[in-house]
Amino acid sequence: MENWDEVRTAYQVARMGTVSGAAEVMGVHHATVIRHIDAIEARLGIKLFQRHARGYTPTEAGQDLLRVAQTTDDQFNQLVGRLKGQGEDMSGELVVTSLQGMASMLVPVLTDYQRLHPDLTIRYLTGDRLFRLEYGEAHVAIRAGNAPDQPDNVVQAFRTQKYALYATEDYVARHGRLKDVQDLGNHRLIAGDEKNSRVPYFKWLRENAPEENLMFRVSHTNAMHEAVLAGTGIGFMPCWQAERVEGLVQMMAPLPEWQARLWLVTHVDLHRTAKVQSFLTFLKEEAKSWSD
């Protein structure tokens, strides 16, 4: 690296967490710090920081820089040599997040991908909360519903997930098939516990079925799937998941208003890194073989 000041500036920003903090430590104007960071990232072709309202959060490359407290030109040159390679590196961590209900779809994909890149540590984070990509909580998020609108994220349409009403063969033997919407009042139904749920199929069920027939209510879609499999009643399942289970009967075909759009979301600072692009390409290719 020809310009030692840029490296030293990046180290101070990673250590302090803000441009103003680094500027104060170095005794320079904050505009100088910003100019140095932009210059070193352009020179290396890699993002050292994710920018957000509270300051600068180091990427993996930035964290490496923070950990290595270099004091001489030669020592910093060794560090920069490592950072140059991180953009194309297929080691370290790959952090993917989705709703828990997508685990059976994604875990096989993540497993196959890790076999291709055995030096990668996969972290698969599930839950209802949105992991903050701008704070480095995940590299790739698979989200459902309306298109995410965070300004610093790259959003790509992934696929449409279809849902239908299912019950077990045992339930059908005891209660018969569902004839049509008007027949919902003659069956035991599995519904969401939250009356104002925005989940499309839960909302549809409350609008079309008698309240007294919503006889088993759950707070999470995973519990609904387990209730369907236990023969508790008729409930919604993703079509791709239900097709993998023997002994399930589709009681009503998918309706457009039940389906959910899935989106691939990455942060703009990490979107072009080798492992993010590699995983997105792999996931899209694998998804071509999935049923709706």
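Numbering of residues begins at 1 and proceeds along the displayed sequence.
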Contacts under 3.5 angstrom, residues 184-193 side chains, donor-acceptor by atom type, not counting sequence neighbours:
residue : atom : partner : partner atom : Å
Asn186  : ND2  : Asp183  : OD1          : 2.6
His187  : ND1  : Tyr171  : OH           : 2.8
His187  : NE2  : Arg177  : O            : 3.3
His187  : NE2  : Asp183  : OD2          : 3.3

Listing, residues 278-287 side-chain donor-acceptor contacts under 3.5 Å, not counting sequence neighbours, or none:
residue : atom : partner : partner atom : Å
Ser278  : OG   : Tyr113  : OH           : 2.8
Thr281  : OG1  : Gln277  : O            : 2.9
Lys284  : NZ   : Gln156  : OE1          : 2.5
Glu285  : OE1  : Lys288  : NZ           : 3.1

For residues 219-239, please give each side-chain donor-acceptor pair under 3.5 Å, one per line with the distance, not counting sequence neighbours.
residue : atom : partner : partner atom : Å
His220  : ND1  : Asn222  : N            : 3.0
Thr232  : OG1  : Ala227  : O            : 3.1

Let me check something: any side-chain donor-acceptor pairs from residues 254-267 under 3.5 Å, sequence neighbours excluded? List them with distances.
residue : atom : partner : partner atom : Å
Trp263  : NE1  : Gly145  : O            : 2.8
Thr266  : OG1  : His271  : ND1          : 2.7
His267  : ND1  : Asp269  : N            : 3.1

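A heavy-atom distance below 4.5 Å is found between the side chains of Arg244 and Trp240. No side-chain heavy atom of Asp152 sits less than 4.5 Å from a side-chain heavy atom of Arg51. No side-chain heavy atom of Leu48 sits less than 4.5 Å from a side-chain heavy atom of Pro58. The closest side-chain heavy-atom distance from Val28 to Val33 is below 4.5 Å.
A distance of 5.0 Å separates CG in Leu133 from CG in Asn153, rounded to the nearest 0.5 Å. To the nearest 0.5 Å, atom OG1 of residue Thr126 and atom CG of residue Leu99 are 9.0 Å apart. Considering OG1 of Thr18 and CD of Gln12, their distance stands at 11.0 Å, rounded to 0.5 Å. Put simply, NZ on Lys195 and CZ on Phe202 are 15.0 Å apart, with the number rounded to the nearest 0.5 Å. For the atom pair Leu116 CG and Thr111 OG1, the distance stands at 11.5 Å (nearest 0.5 Å). A distance of 7.0 Å separates CD in Gln114 from OG1 in Thr121, rounded to the nearest 0.5 Å.
A donor-acceptor contact shorter than 3.5 Å is absent between the side chain of Thr9 and the backbone of His36.
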Test side-chain contact (heavy atoms from CB on, under 4.5 Å) on Val172 and Met251; report intermediate values, then the result.
CA-CA 9 Å; Val172 173; Met251 302 291 269; 3.8 Å; yes
Audit row: His139, Glu60, side-chain contact (heavy atoms from CB on, under 4.5 Å) steps and yes/no
CA-CA 11 Å; His139 293 99; Glu60 289 182 20; 3.1 Å; yes
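With sequence neighbours excluded, no residue forms a side chain to side chain donor-acceptor pair (under 3.5 Å) with Thr168. Applying the side chain to side chain donor-acceptor pair (under 3.5 Å) rule to Tyr166 yields the partners Gln250; only residues at least two apart in sequence or on another chain are considered. For Phe216, there are no ring pair (Phe, Tyr, Trp, His ring centres under 6.0 Å) partners at least two apart in sequence or on another chain. His117 meets the side chain to side chain donor-acceptor pair (under 3.5 Å) test with no other residue; sequence neighbours excluded. For Phe131, there are no ring pair (Phe, Tyr, Trp, His ring centres under 6.0 Å) partners two or more places apart in sequence or in a different chain. Looking at residues two or more places apart in sequence or on another chain, you find a side chain to side chain donor-acceptor pair (under 3.5 Å) between Glu137 and Arg129. For Tyr56, the ring pair (Phe, Tyr, Trp, His ring centres under 6.0 Å) partners at least two apart in sequence or on another chain are Phe49. Partners of His30 under the ring pair (Phe, Tyr, Trp, His ring centres under 6.0 Å) rule, at least two apart in sequence or in another chain, do not exist in this structure.
Smallest separation of non-hydrogen atoms from Glu194 and Arg206: O-NE, 3.9 Å. The two residues Pro118 and Arg115 make their nearest non-hydrogen contact at CD-O, 3.8 Å. The two residues Pro108 and Ser104 come nearest to each other via the heavy atoms CD-O, 3.4 Å. For Lys275 against Glu93, the heavy-atom pair with the smallest separation is NZ-O, 2.7 Å. Scanning all heavy atoms of the two residues, the minimum distance from Glu6 to Ala39 falls at OE2-CB, 3.4 Å. Shown here for Ala164 and Met252, the closest heavy-atom pair between the two residues is CB-O, 3.3 Å.
Put simply, Ile122 and Ile142 are part of the same group of oily side chains (I, L, V, M, F, W, Y) that touch within less than 4.5 Å, one to the next. Connection of Met105 to Leu125 is not established within any shared hydrophobic cluster, with ILVMFWY side chains joined at heavy-atom distances below 4.5 Å, either directly or through further cluster members. Neither Val154 nor Ile46 shares a network with the other; the hydrophobic side chains, linked directly or stepwise wherever heavy atoms of I, L, V, M, F, W or Y lie under 4.5 Å apart, form separate groups for each. A single hydrophobic cluster is not seen to contain both Leu270 and Val140; linkage of ILVMFWY side chains at heavy-atom distances under 4.5 Å, directly or through other members, places them apart. Hydrophobic clustering, with ILVMFWY side chains joined whenever heavy atoms are under 4.5 angstrom apart, keeps Val268 apart from Ile40.
Within 6.0 Å of the CG atom in Asn146, the count of heavy atoms belonging to other residues, nucleotides or ligands does not exceed 12.
Look at Asp38 and Arg35 and you find no salt bridge, because none of the NZ, NE, NH1 or NH2 atoms lies under 4.0 Å from a carboxylate O.
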